There are 2 protein chains.
Amino acid sequence: MDLHRIKVACSSCNLRELCIPMGLAPEELEQLDNLIATRRRVRRGGTLFSAGDPFTALYAVRSGFFKTSVTTADGRDQVTGFQMAGEILGLDGIVQDKHACSAIALEDAEVCVLPFDKLEQLSRAFSTLQHHVHRIMSREIVRDQGVMLLLGSMRAEERLAAFLLNLVQRLHARGFSKSEMVLRMTREEIGSYLGMKLETVSRTFSRFQDEGIIEVKQRYVRILDPAALEAIVNHNPAHDD
Amino acid sequence: MDLHRIKVACSSCNLRELCIPMGLAPEELEQLDNLIATRRRVRRGGTLFSAGDPFTALYAVRSGFFKTSVTTADGRDQVTGFQMAGEILGLDGIVQDKHACSAIALEDAEVCVLPFDKLEQLSRAFSTLQHHVHRIMSREIVRDQGVMLLLGSMRAEERLAAFLLNLVQRLHARGFSKSEMVLRMTREEIGSYLGMKLETVSRTFSRFQDEGIIEVKQRYVRILDPAALEAIVNHNPAHDD
DNA sequence: CGGCTAGTTGAGACTACTCAACTATCGTGG
DNA sequence: CCACGATAGTTGAGTAGTCTCAACTAGCCG
């Protein structure tokens with residue numbers, strides 16, 4: 001395992017507006033700096049944690065890109081999310097003291113390790129931090145509800161449109177372009193996340209391209225007509241006209 | 001609104017092994033009793049909270065049955081869960097200080113109101129309670145991942161089989177039969193939750209009945225062959241034999 | 001008892017899946 | 001550096017599962 005004892009100050013991290021430090025007072029930030037003892041590097045394709053692993057810490061993505069997935073007894077696999085810089089991994093592990101899903105790096109990545117017992121300890125001392133932890137967990141619950149909405153009530157085109165808009169919006173919040181991106185995941189991973197087969201993902205990309213809504217070349221995607229994508233997402237066949 | 005200032009002691013609640021009090025020490029229980037100042041009754045069809053309502057409290061279901069649902073801008077609606085006695089509602093509200101989903105009673109219900117600021121305050125004093133709150137939120141995240149798996153990778157029969165088994169198992173944990181139940185929700189609500197149309201839900205019920213796996217009469221369901229339901233859930237077409 | 005909502009069933013349409021062939025890209029070793 | 005194999009992605013044809021629309025039945029409430 002790839003552990004680095006390099007001290008990283010949350011107080012000087014350029015992700016502090018996206019990550020745990022958001023909204024904390026200077027003295028709380030200082031305490032948080034003490035909490036985060038280690039960082040950990042994960043190579044592309046490497047595993048941050050696997051389902052069943054003992055839960056000890058949360059992880060804040062510092063750089064790179066992850067997917068989380070759950071697996072059934074019969075080998076079925078479902079991607080439950082993609083995580084980028086500033087996002088938190090491992091919340092699923094708290095309830096059973098072991099991870100319920102696996103987290104795999106889709107590109108070389110680095111995470112800040114947040115030992116959970118220490119985070120709880122610090123949360124008892126600082127109500128701002130405590131509330132912030134609650135907000136992070138609640139945010140994950142709300143995100144999951146959004147995915148359920150997507151999986152439960154949208155058709156393939158709508159799912160992919162919503163996915164692309166969500167991804168580019170998150171990238172834009174991190175200083176990247178709001179119209180261009182390079183996908184870190186395969187068509188199969190997108191399909192697993194969106195509840196569709198890879199061929200359907202590919203066909204839908206092609207259809208969007210034919211319609212002039214996006215430009216696709218393998219992993220490169222450029223959004224030419226964001227309004228059209230929005231329209232697809234918000235299109236309810238039941239209220240058609 | 002239907003507020004009752006009747007004092008209810010968690011310490012004597014018959015749901016204490018399922019609800020928040022689980023695993024707390026007597027002195028912590030006593031503090032929790034002080035926290036829960038009110039109960040609230042909700043009639044069948046009534047709303048506990050709606051999406052957009054200001055968030056002030058979590059709710060522990062004392063009796064009755066709820067559904068939670070999210071709605072899109074274009075009026076699409078997705079049921080995100082069904083909650084019964086001992087389960088916690090409102091976790092989605094923390095992150096934005098307003099509820100992200102709506103909670104509606106499917107039968108006359110009563111909930112314990114847990115003012116969230118007080119719960120946080122108490123959590124800072126009692127680490128057991130703090131950890132317990134974290135576990136409850138984490139449990140919700142894991143549950144949501146399970147729903148994503150269901151919606152993203154299962155077919156109609158598998159979804160309904162998984163749904164019935166989950167429901168009867170939760171009812172059984174509350175002292176009800178492990179083979180019989182009366183559904184509290186309509187075919188449409190089941191369909192919304194499972195990402196299928198009400199007609200498909202109905203047809204799938206009929207098919208299970210024709211195959212001798214269950215007995216259905218409107219809302220009454222009896223599981224005749226639980227092993228067959230399990231087999232349907234764990235059946236992966238890709239690994240067929 | 002009548003009207004209304006919930007649930008069932010049928011027929012046909014359509015979306016997304018399966019299977020398959022082909023192309024593009026990337027990394028590796030000769 | 002190019003050739004090769006492996007992986008990823010695209011596209012086509014046919015199929016299956018689910019949806020849509022519709023008619024009908026059952027149960028519930030006033």
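This one's a predicted model, so the numbers in the text were calculated from it and none came from an experiment. FYI, side chains are in, hydrogens and waters are out, and symmetry mates aren't considered; it's all heavy atoms of this structure. Letters A, B, ... mirror the listed sequences (proteins, then strands); counts begin at 1.
When heavy atoms are screened at a 4.0 angstrom cut-off, Ser202(A) is found touching base atoms of the nucleic acid. Across all strands, Gly195(B) comes closer than 4.0 Å only to sugar-phosphate atoms, never to a base (heavy-atom distances).
At whole-Å resolution of the value, OH in Tyr220(B) and P in dG27(D) are 15 Å apart. Distance, Arg207(B) CZ to dG17(D) P: 9 Å, rounded to whole Å. Nucleotide dA16(C) holds its C1' atom 14 Å from the CG atom of Leu194(A), rounded to whole Å. Rounded to whole Å, the distance from CG on Leu198(A) to C1' on dA20(C) is 13 Å. In this entry the distance linking CZ of Arg44(A) with C1' of dT7(D) reads 10 Å, nearest Å. Straight-line distance from the CD atom of Glu157(A) to the P atom of dA16(C): 8 Å, rounded to whole Å. The nearest whole Å value for the distance from the CZ atom in Arg187(A) to the P atom in dT25(C) is 12 Å. Rounded to whole angstrom, the span from the NZ atom of Lys197(A) across to the P atom of dC17(C) amounts to 7 Å.
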(message) With side-chain contact (heavy atoms from CB on, under 4.5 Å) as the criterion, how do Phe49(B) and Cys101(B) come out once you've worked through the C-alpha distance, each side chain's angles and the decisive distance to 0.1 Å?
(response) CA-CA 8 Å; Phe49(B) 55 78; Cys101(B) 66; 4.2 Å; yes
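Ser206(A) has a side-chain polar atom (N or O) that falls below the 4.0 Å cut-off from OP1 or OP2 of dT11(D). Residue Thr200(A) places at least one side-chain N or O closer than 4.0 Å to OP1 or OP2 of dC17(C).
Checking Glu215(B) against Tyr220(B) by side-chain atom types alone, no donor-acceptor pair falls below 3.5 Å.
Ring to ring, Phe66(B) and Tyr59(B) are not that close: their centroids are 6.0 angstrom or more apart.
Looking at Arg203(B), its side chain has no donor and acceptor atom pair within 3.5 Å of the base of dG7(C).
For the helix from dC1(C)-dG30(D) to dG30(C)-dC1(D), the rotation axes defined at the first and last 5 base pairs enclose an angle of 40°, given to the nearest 10°.
Heavy-atom neighbours of Arg44(A) CZ from other residues, nucleotides or ligands within 6.0 Å: at or below the threshold of 12. Around CD of Glu107(B), the count of heavy atoms belonging to other residues, nucleotides or ligands within 6.0 Å exceeds 12.
Out of dT15(C), dT18(D), dA6(C), the shortest distance to the side chain of Thr186(B) is found at dA6(C). The side chain of Met196(B) lies closest to dC19(D), out of dT11(D), dC19(D), dT9(C). Side-chain atoms of Glu199(B) lie closest to dA22(D) of the nucleotides dA22(D), dA6(C), dT15(C).
Comment: Arg174(B) engages Glu87(B) in a salt bridge, judged by a side-chain N to carboxylate O separation of less than 4.0 angstrom.
You'll find the side chain of Phe55(B) stays beyond 4.5 Å of the side chain of Val95(B), heavy atoms only.
The stretch residues 212-219 of chain B comes close to DNA chain C through Gln218(B), Arg219(B), each having a heavy atom under 4.0 Å from the strand.
By the 6.0 Å and 45° rule, Arg187(A) stacks over the aromatic ring of Phe205(A).
Tested against Leu149(B), the residues Thr80(A), Val79(A), Thr72(A), Leu151(A) include a single side-chain contact (heavy atoms from CB on, under 4.5 Å) partner, Thr72(A).
Contact record, Val70(B) with Ala100(B): CG1-O, 3.7 Å, taken as the closest heavy-atom pair.
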